[in-house]
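A quick write-up on the structure given underneath.
The analysis underlying the following values was restricted to heavy atoms, covering all of them including side chains, and did not include hydrogens, waters or symmetry mates. Computed from a predicted structure; not experimentally measured.
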Amino acid sequence: MGAGPSGLLLSHLLAAGGVESVVLESRSRAHVAARVRAGILEHSTVELLRAAGLDARLRAEGAEHRGIHLHWPGERHHLDFVDLVGRSVWAYGQTELQKDLDAATAARGQEVHHEVTDVALHGLTGDRPHVTFTDAGGVARRLDADVVVGCDGAFGPGRAAVPADLRTTWERTYPFAWLGIMADVAPSTEELIYAWHPDGFALHSLRSPSVSRFYLQVPVGTDVASWSDDRTWDELAERLGHGHDGWTLTPGPITERSVLPMRSFVQTPMRHGRLFLVGDAAHTVPPTGAKGLNLAVADVGLLAPALVALLRRGEAAQADSYSERALRRVWRCTHFSWWMTSMLHAGDDPFDRQLQLSQLRWVTGSAAGAAGLAENYAGLPLEL
Ligand code: FAD
Ligand code: DHB
């Protein structure tokens with residue numbers, strides 16, 4: 001269930017391992033392809049895409065980044081991940097990855113049903129679960145399967161199919177949101193700038209040599225209409241340090257804007273009988289540190305070989321340990337995303353602000369502090 005990045009990547013890896021799958025998606029292909037979301041692929045994601053033969057356009061059109069900049073009023077520091085931990089990251093939009101996955105899906109004739117409704121799961125604790133749904137033409141259908149995988153994001157039926165008395169959820173909401181904008185302007189930086197500012201966090205990211213992506217910390221419940229182009233550029237310039245050491249921010253036409261909530265969420269276990277949960281279906285991280293998409297890909301990297309072993313060779317050990325192994329990484333990334341969020345988003349408490357600035361000085365001034373951030377940001381191995 002789900003033809004986002006985790007669903008399509010999983011079906012690709014299963015096909016390569018000789019396991020047939022059918023993908024169900026509630027939205028249209030065009031809708032899924034156009035959703036503006038993540039922008040940074042960590043080292044292990046890029047390695048997995050390379051091993052799967054899905055990295056040609058990423059290598060040709062993506063940008064390899066050695067690290068990031070951390071900025072706060074009066075100071076800017078570059079952390080070089082390659083020097084610190086020997087790994088880089090790549091700027092490549094989720095929309096582009098989705099296009100590559102769609103192309104690979106079409107090329108191998110993968111069965112995908114878009115715009116399905118009434119998806120319901122049955123018999124998950126037996127040997128032969130089945131899924132019922134209504135297809136785009138209004139026809140009621142039934143699929144019998146060996147396993148069902150919920151790659152259906154935070155709002156799909158996958159996570160709720162684990163009985164309430166067998167699942168545990170953990171949640172943290174944050175007292176701020178992000179305003180995200182896309183702009184048709186060349187990035188004013190080669191590598192991302194994460195900025196702490198008393199007015200709130202700002203991030204300068206990018207999508208291509210002519211498209212820039214920005215985020216601003218805003219209050220929960222912010223109406224995008226309250227952020228005119230002028231106000232948005234003025235605030236980005238102020239928070240990102242326009243004028244610092246001669247650095248300038250170049251504004252341009254804003255083509256997309258939206259407000260994103262910030263939330264940490266984990267549901268365990270990530271398996272119930274013959275149902276497996278992957279990616280946002282089991283966990284959500286706040287976006288600071290760019291872990292959401294990477295974590296979804298990492299889950300797939302563990303689950304695909306486990307399902308091939310189970311279904312092709314009758315070996316259950318990897319599938320049986322999938323939830324426990326995936327959750328080790330999920331909690332590491334949940335902590336990292338919470339930590340980056342906590343370090344960079346200014347609130348009203350003057351004591352907290354001093355702690356944040358002290359943390360930033362340590363992360364940028366100490367080899368151990370810098371390596372800790374770099375190791376987590378550039379990506380940990382699939383198995384922790
Ligand atoms: P999804 O991409 O959510 O895919 C799930 C799919 O399941 C969807 O296509 C959905 O339509 C489908 N589905 C839902 N219900 C059903 C159903 N009943 N039947 C069939 N299909 C169904 N991460 C970052 O790293 N950086 C970012 O900047 C960032 N920004 C984000 C902005 C937004 C608005 C959101 C929502 C997420 C953002 N993320 C970001 C997180 C990242 O995009 C996700 O972690 C990633 O998309 C997870 O992939 P997934 O395949 O698990 O889930
Ligand atoms: C992007 C989003 C993030 O949350 C992040 O930490 C880095 C980059 C982006 O959309 O480009």
Side-chain angles (χ1 to χ4, degrees), residues 1-33 35 48-49 52-54 97-162 270-282 296-297 299-314 316 318-319 322:
M1 293 183 300
S6 60
L8 291 189
L9 181 60
L10 181 65
S11 72
H12 185 87
L13 297 181
L14 289 178
V19 173
E20 187 192 352
S21 65
V22 178
V23 181
L24 303 181
E25 167 60 52
S26 54
R27 312 302 294 254
S28 70
R29 189 191 312 276
H31 176 91
V32 176
R35 282 189 305 220
L48 200 147
L49 294 173
L54 291 167
L97 178 59
Q98 187 73 33
K99 278 184 212 156
D100 298 342
L101 289 166
D102 272 333
T105 302
R108 60 170 199 280
Q110 168 72 43
E111 186 177 346
V112 184
H113 297 267
H114 280 92
E115 298 178 75
V116 302
T117 50
D118 310 322
V119 175
L121 316 184
H122 312 271
L124 296 172
T125 50
D127 286 345
R128 196 73 182 153
H130 70 276
V131 178
T132 52
F133 65 101
T134 305
D135 71 17
V139 178
R141 315 234 341 209
R142 168 179 169 145
L143 282 173
D144 292 84
D146 290 314
V147 300
V148 178
V149 185
C151 300
D152 50 345
F155 306 103
R159 61 165 70 153
V162 181
M270 289 170 65
R271 176 190 187 175
H272 170 63
R274 294 229 154 204
L275 169 71
F276 296 82
L277 299 178
V278 165
D280 278 22
V297 169
D299 287 350
V300 171
L302 292 179
L303 186 59
L307 292 183
V308 171
L310 179 71
L311 302 175
R312 297 285 299 179
R313 303 195 294 276
Q318 282 187 64
Y322 162 72

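Rounding to the nearest 0.5 Å gives a distance of 11.0 Å between OG1 of T117 and CG of L24. The distance from atom CG of L54 to atom CG of L48, rounded to the nearest 0.5 Å, is 9.0 Å. We find the CG-CE distance between L303 and M270 to be 8.5 Å, quoted to the nearest 0.5 Å.
In this structure a side-chain-to-backbone donor-acceptor pair under 3.5 Å is missing from Q98 to R29.
Pairs passing the side chain to side chain donor-acceptor pair (under 3.5 Å) check and including a residue from residues 149-161, sequence neighbours excluded, do not occur. Residues in residues 125-153 take part in these ring pair (Phe, Tyr, Trp, His ring centres under 6.0 Å) pairs, two or more places apart or across chains: H113-F133, H122-H130.
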Test side-chain contact (heavy atoms from CB on, under 4.5 Å) on S28 and E115; report intermediate values, then the result.
CA-CA 5 Å; S28 70; E115 298 178 75; 3.6 Å; yes
After noting the C-alpha distance and the side-chain angles of L9 and L49, does the key distance pass the side-chain contact (heavy atoms from CB on, under 4.5 Å) rule?
CA-CA 9 Å; L9 181 60; L49 294 173; 4.2 Å; yes
Show the numbers, then the answer: is there a side-chain contact (heavy atoms from CB on, under 4.5 Å) between C151 and L10?
CA-CA 9 Å; C151 300; L10 181 65; 4.2 Å; yes
Could you go step by step and tell me if Q110 and S21 meet the side-chain contact (heavy atoms from CB on, under 4.5 Å) rule?
CA-CA 8 Å; Q110 168 72 43; S21 65; 3.4 Å; yes
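For D280, the side-chain contact (heavy atoms from CB on, under 4.5 Å) test picks out no residue, with sequence neighbours left out. By the salt bridge (Lys or Arg N to Asp or Glu O under 4.0 Å) test, R35 is found to be paired with no residue, residues two or more places apart in sequence or in another chain being considered. Under the rule for a salt bridge (Lys or Arg N to Asp or Glu O under 4.0 Å), the partners of R128 that lie at least two apart in sequence or sit in another chain are D146. For R141, the salt bridge (Lys or Arg N to Asp or Glu O under 4.0 Å) partners two or more places apart in sequence, or in a different chain, are D135. Listed by chain and number, the residues in a salt bridge (Lys or Arg N to Asp or Glu O under 4.0 Å) with D127 amount to none (sequence neighbours excluded). In terms of the side-chain contact (heavy atoms from CB on, under 4.5 Å) criterion, residue partners of P129 (sequence neighbours excluded) are, by chain and number, L124, V148, R274. For A145, the side-chain contact (heavy atoms from CB on, under 4.5 Å) criterion is met by no residue, not counting sequence neighbours. By the side chain to side chain donor-acceptor pair (under 3.5 Å) test, R271 pairs with D320, sequence neighbours left out. Partners of D102 under the side chain to side chain donor-acceptor pair (under 3.5 Å) rule, at least two apart in sequence or in another chain, do not exist in this structure.
What you find for L277 and A282 is that their closest heavy atoms are CB-CB, 4.0 Å. Across every non-hydrogen atom of G279 and D299, the tightest pair is N-OD2, 2.8 Å. For the residue pair A296 and V278, the shortest heavy atom distance occurs at O-CG1, 4.0 Å. Summarising the geometry of E25 relative to R27, their closest heavy-atom pair is OE2-N, 2.9 Å, with the distance given to 0.1 Å. Summarising the geometry of Q318 relative to A309, their closest heavy-atom pair is NE2-CB, 3.9 Å, with the distance given to 0.1 Å. In terms of heavy-atom proximity, V112 sits nearest to A3 at CG1-CB, 4.4 Å.
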Extract all donor-acceptor atom pairs below 3.5 Å that involve side chains of residues 11-19 and protein atoms in other chains or at least two apart in sequence.
{"from": "S11", "atom 1": "OG", "to": "L8", "atom 2": "O", "distance (Å)": "3.0"}
{"from": "S11", "atom 1": "OG", "to": "R108", "atom 2": "NH2", "distance (Å)": "2.8"}
{"from": "H12", "atom 1": "ND1", "to": "R108", "atom 2": "NH1", "distance (Å)": "3.0"}
{"from": "H12", "atom 1": "NE2", "to": "A52", "atom 2": "O", "distance (Å)": "3.2"}

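Using a 4.5 Å heavy-atom cutoff, the side chains of T132 and D118 are not in contact.
None of L310, L302, L307 except one satisfies the side chain to side chain contact (heavy atoms under 4.5 Å, CB included) rule with Y322; the exception is L302.
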